Amino acid sequence: MFARRLGPQSIRHWIRRPLWLCLGAILLASGGANALVDESTGPLLVYAGAGFRLPIEEAARLYTERTDLSIEPTFAGSGCLLAQAELAGRGDVFIPGEEHYLDQARSRGLVGESAPLAWLRPVLAVKRGNPLGVRGLRDLAREDLRVGLGDPKAVAVGLAAERWLNAELSAPEIVRLQAGVRTRALNVNELGSQLALGALDAVIVWDATL
């Protein structure tokens with residue numbers, strides 16, 4: 001594990017409004033919002049958040065073994081996925097990292113039925129051993145830290161981080177923190193990779209990313 005979650009005494013892992021991973025049926029190019037895929041015509045097209053690649057690939061493998069139907073997944077930030085699905089005008093399943101993006105898909109007439117699938121927690125991750133002594137969100141405003149956050153317009157973890165920081169920090173602290181942000185990632189895996197490679201000192205990612 002390239003990073004560790006800080007203990008509950010030093011930081012609260014849960015954002016004020018819990019986040020969920022949502023499952024929704026995507027509008028097909030030839031049908032309406034409630035259209036369902038005809039599985040005999042080709043693979044199921046799945047748009048899924050990049051942070052969920054491993055469990056979704058495993059689920060796809062098991063699904064194919066049991067049904068002989070193939071899955072064609074696309075992984076990216078939730079906002080990017082929504083734009084891709086709308087542009088393509090086709091797809092079967094949308095799995096964003098935050099309900100916000102499902103609401104956007106509904107407002108654009110892209111989603112039929114939906115249901116919560118799993119819970120996610122945004123966490124503050126640091127290098128193994130925490131060499132710079134990061135103890136909580138306020139430390140992200142330190143000048144000696146290289147901070148990485150997700151782009152809130154493109155990726156669910158960026159939206160979650162923005163809400164969490166606004167709820168916990170003062171306006172001056174947020175200004176100082178923003179000055180130290182080195183990366184605004186378009187998917188959560190990019191943040192994990194940069195932390196593992198030493199390009200960043202602290203990031204806000206999903207607990208699943210660890």
Side-chain angles (χ1 to χ4, degrees), residues 1-6 8 13-15 17-26 36-37 39 42-85 88 90-106 110-126 128 148-152 154-161 163-164 185-197 200 203-210:
M1 188 166 68
F2 59 78
R4 70 181 183 90
R5 285 182 287 181
L6 302 182
H13 296 316
W14 288 95
I15 197 166
R17 185 168 71 91
L19 307 175
W20 59 4
L21 180 62
C22 297
L23 177 66
I26 288 293
L36 296 176
V37 65
E39 295 173 337
L44 290 172
L45 304 181
V46 178
Y47 298 92
F52 321 127
R53 176 185 292 272
L54 293 179
I56 289 174
E57 286 182 339
E58 176 65 8
R61 182 186 66 79
L62 293 173
Y63 183 84
T64 298
E65 287 180 357
R66 295 171 184 177
T67 66
D68 290 328
L69 299 172
S70 61
I71 306 292
E72 185 178 311
T74 296
F75 298 102
S78 297
C80 296
L81 289 172
L82 183 57
Q84 289 180 41
R90 57 194 294 265
D92 302 306
V93 179
F94 180 39
I95 308 178
E98 219 279 346
E99 191 177 9
H100 167 80
Y101 298 100
L102 190 58
D103 290 339
Q104 286 192 349
R106 286 195 191 99
L110 298 177
V111 167
E113 296 182 358
S114 64
L117 181 62
W119 295 99
L120 298 170
R121 295 187 296 177
V123 296
L124 176 56
V126 298
R128 185 186 298 276
L149 300 174
D151 184 339
V155 58
V157 76
L159 184 63
R163 290 173 175 167
W164 194 13
L186 297 181
N187 68 73
V188 69
N189 292 340
E190 181 182 346
L191 293 172
S193 295
Q194 290 197 40
L195 181 66
L197 293 172
L200 296 172
V203 297
I204 294 179
V205 292
W206 297 128
D207 53 354
T209 309
L210 298 184

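Everything quoted here is computed from the prediction, not taken from an experiment.
Note: Asp151 CG to Leu159 CG = 10.5 Å, rounded to the nearest 0.5 Å. One finds the CG atom of Leu124 at 6.0 Å from the CH2 atom of Trp164 (value rounded to the nearest 0.5 Å). Note that OG1 of Thr64 and CZ of Arg66 are 11.0 Å apart. Values are rounded to the nearest 0.5 Å. Here the CD-CG distance, from Gln84 to Leu45, works out to 12.0 Å after rounding to the nearest 0.5 Å.
Among Leu81, Ile95, Asp92, the one residue that satisfies the side-chain contact (heavy atoms from CB on, under 4.5 Å) test with Tyr47 is Leu81.
Of all heavy-atom pairs between Pro96 and Ser78, the closest is CA-OG, 3.5 Å. Nearest heavy atom pair, residue Gly148 against residue Leu200, reads CA-CD1, 3.8 Å. Minimum heavy-atom separation, Tyr101 to Ala156: CE1-CA, 3.5 Å. When all heavy atoms of Gly150 and Val157 are compared, the pair lying nearest together is CA-CG1, 4.4 Å. Between Ala50 and Asn187, the shortest heavy-atom distance links the atoms CB-CB, 3.7 Å. Val155 approaches Ala185 most closely through the heavy-atom pair CG1-O, 3.5 Å.
In this structure, the side chains of Val93 and Leu44 stay at 4.5 Å or more apart for every pair of heavy atoms. You'll find the side chain of Val123 reaches within 4.5 Å of the side chain of Val205, heavy atoms only. Residues Leu110 and Leu82 form a side-chain contact, since some pair of their non-hydrogen atoms from C-beta on lies under 4.5 Å apart.
Electrostatic pairing of Glu57 and Arg61 does not count as a salt bridge here, judged by no charged N lying under 4.0 Å from a carboxylate O.
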Would you mind writing out the side-chain donor-acceptor pairs for residues 67-77 within the sub-3.5 Å range, not counting sequence neighbours?
from: Thr67; atom 1: OG1; to: Tyr63; atom 2: O; distance (Å): 2.7
from: Thr67; atom 1: OG1; to: Leu69; atom 2: N; distance (Å): 3.1

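A donor-acceptor contact shorter than 3.5 Å links the side chain of Thr209 to the backbone of Trp206.
Under the rule for a side chain to side chain donor-acceptor pair (under 3.5 Å), the partners of Arg106 that lie at least two apart in sequence or sit in another chain are Asp103, Ser114.
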Trace of the side-chain contact (heavy atoms from CB on, under 4.5 Å) decision for Val203 with Gln194:
CA-CA 9 Å; Val203 297; Gln194 290 197 40; over 6 Å; no

